[in-house]
S.K.: 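The structure under discussion is supplied below as structure tokens; questions concerning it will follow.
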Amino acid sequence: MVQVKRVVLAYSGGVDTSVCIPYLKKEYGVEEVITFAADLGQGDELEPIRKKALEAGASQSLVGDLIKPFIEDFAFPAIRANGLYEGRYPLSTALARPLIANHLVRVAKEFSADAVAHGCTGKGNDQVRFDVAIGSLAPDLKVLTPARQWGMSREETIAYGERFGIPAPVSKESPYSIDLNLLGRSVEAGLLENPMTPPPEDVFEMTSAIDQAPNEPEEILISFRAGNPIAIDGEKLDPVQIISKANNLAGKHGFGRIDIIENRVVGIKSREIYETPGLLLLIKAHQEIETLTLSADVLHMKSYLESKWAELVYQGLWYSPLKEALDGFFDRTQIDVNGDVKIRLHKGNAIIIGRNSSTNSLYMPSMATYGKEDEFQHPLAEGFIYIWGLPSRIWASVQRTIQNQ
Ligand code: ARG
């Protein structure tokens, strides 16, 4: 048995993390469990969660308000990076884990704990994100992972908890496994495990069903400064406000639902339902303002690097040299990303209908126009095309020679 006197446990208030408290004490011989619950804007009441940890035997129960750093230091970089894992999932859960890990480590230092712990199972991505982040931030800190070792079924976990006064989840518990924060919700398990079963309406909370969404379209304007969204419809908002407002607008119109088969780090394909209305809307708008303000080659290189960035973040490598280096590249590109994007929200759609940058637009009307103001020198295209196509013509003629031999 590992000799641990004091441990800091990442705590959500759910059955698994609650059972971790007596389990760590009884089976791991830990003397003192300090719990840490993060407020990431999930809308849960944190005071009952704080009390619940004490009732389950925690010696101290801490709550940290992490909403601001979550949005400013994790969500906003993801918007600048157009971070979409496998082109579709905006990393709403993945982004929270390195931040929680960071605070677990801080609390462990503050309370001179000799280990941290989390309640992740052995088949998810979150364990990878926690373990790797903790290992990068505090290489010598032990990480205890009871739920990865205990081999108990859901029923057994609940029964174990009841022995230590942890109430079974109240009557009609959600049949789904849900993770949520201000960026969105991820929903798994239950009947969703059949990839062919459409998600029932009760899965969703942040987004309207199409038939419930307003019949009238709504046009909005999102403004960006240095790649960050700073205003909606001309109203300046701080990062947390802008995500909330984008959630409300997109959610109302039923935009932001995702139903995908996703490739987990541990090699499993899983069926995932997400609703991330605001984040998806802001990424979409951000991609659009970049098309106006970044040169073609920067845009193309960035899009290639973006998919790598999203993969790193998904796979738990937030604190890694490549991720940092990519941020450096993105940061330089974002200096030029200033302007406004006009979007029409309607019945599950967010349709881009306009974009403008008074300072950084690379769209040059005299080059683009087909009207009489056209200043493009058409005859010069001929010489350009002669040289541009030269390698192709040479290659094709060699191929013809080979085939005729
Ligand atoms: N598949 C998603 C991800 O890896 C969601 C994970 C949800 N986590 C949870 N503990 N329910 O980011």
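Counting starts at 1 for both ligands and their atoms, following the listed order. It should be emphasised that the depicted structure is a prediction, and the values quoted were computed from it without experimental measurement.
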S.K.: Please determine, by modelled atom types, if Tyr274 and Glu262 share a side-chain donor-acceptor pair under 3.5 angstrom.
M.R.: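 The answer is yes; a qualifying pair exists.
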S.K.: Evaluate Thr93 for polar contact with ligand 1, using N/O atom pairs at a separation under 3.5 Å.
M.R.: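 Such a contact does not occur with ligand 1.
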S.K.: Specify the protein heavy atom at minimum distance from atom 4 (O) of ligand 1: its residue, its atom name, and the distance to 0.1 Å.
M.R.: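 Going by distance alone, atom 4 (O) of ligand 1 is nearest to Asn125 ND2, 2.7 Å.
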S.K.: Are any side-chain N or O atoms of Asn360 and backbone N or O atoms of Thr293, one a donor and one an acceptor, separated by less than 3.5 Å?
M.R.: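 No: the side chain of Asn360 does not pair with the backbone of Thr293.
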S.K.: Is the gap between the ring centers of Phe36 and Tyr11 under 6.0 Å?
M.R.: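 No, too far apart.
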S.K.: Which ligand 1 atoms are under 4.0 Å away from a heavy-atom of Asp179?
M.R.: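 What qualifies from ligand 1 is 7 (C), 8 (N), 9 (C), 11 (N).
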S.K.: Given that the side chain starts at C-beta and the backbone is N, CA, C, O, which of these parts of Arg264 lies under 4.0 Å from ligand 1, counting heavy atoms, or is it both or neither?
M.R.: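 The answer is neither.
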S.K.: List the closest protein heavy-atom neighbour of atom 5 (C) of ligand 1: residue, atom name, distance to the nearest 0.1 Å.
M.R.: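 Closest protein heavy atom to atom 5 (C) of ligand 1: Ser186 OG, 3.5 Å.
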S.K.: In this structure, which one of Ile21, Val4, Val8 forms a side-chain contact (heavy atoms from CB on, under 4.5 Å) with Val33?
M.R.: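 When Ile21, Val4, Val8 are each tested with Val33, the side-chain contact (heavy atoms from CB on, under 4.5 Å) holds only for Ile21.
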S.K.: Which residue owns the protein heavy atom closest to atom 12 (O) of ligand 1, what's the atom, and how far is it?
M.R.: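 Among all protein heavy atoms, the one nearest atom 12 (O) of ligand 1 is Tyr89 OH, 2.6 Å.
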S.K.: Which atoms of ligand 1 are found less than 4.0 Å from any heavy atom of Ser177?
M.R.: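 Result: 11 (N).
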S.K.: Atoms of ligand 1 less than 4.0 Å from Glu272 heavy atoms?
M.R.: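 Answer for ligand 1: 1 (N), 2 (C), 5 (C).
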S.K.: Testing Arg185, Gln42, Arg97 one by one against Asp179 for a side-chain hydrogen bond (donor to acceptor under 3.5 Å, both in side chains), which residue passes?
M.R.: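 So the option named by the test is Arg97.
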S.K.: Which heavy atom of Thr276 sits nearest a heavy atom of Gly184, and at what distance?
M.R.: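 Shortest heavy-atom contact: CG2-CA, 4.1 Å.
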S.K.: Could you tell me whether Tyr274 approaches ligand 1 through its side chain, its backbone, both or neither, with non-hydrogen atoms closer than 4.0 Å?
M.R.: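 It is the side chain that gets close, since no backbone atom is under 4.0 Å.
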S.K.: I'd like to check whether Glu262 has a polar contact with ligand 1, where a contact means an N/O of the residue lying under 3.5 Å from an N/O of the ligand.
M.R.: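 Glu262 vs ligand 1: N/O contact under 3.5 Å present.
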S.K.: Tell me which part of Arg129 gets within contact of ligand 1: side chain, backbone, both or neither, using heavy atoms under 4.0 Å.
M.R.: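 Under 4.0 Å from ligand 1, Arg129 contributes side-chain atoms alone.
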S.K.: Counting distance only, does the side-chain N/O of Glu156 pair as donor-acceptor with the main-chain N or O of Ser153 below 3.5 Å?
M.R.: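 Checking the backbone N and O of Ser153 against the side chain of Glu156, a donor-acceptor pair under 3.5 Å is found.
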S.K.: Could you check atom 9 (C) of ligand 1 against the protein and tell me its nearest heavy-atom contact, residue, atom and distance included?
M.R.: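 The closest one turns out to be Asp126 OD2, 3.4 Å.
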S.K.: Distance alone, cut at 3.5 Å: any donor-acceptor contact between the side chains of Gln149 and Thr145?
M.R.: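 On atom types as modelled, these side chains qualify, holding a pair under 3.5 Å.
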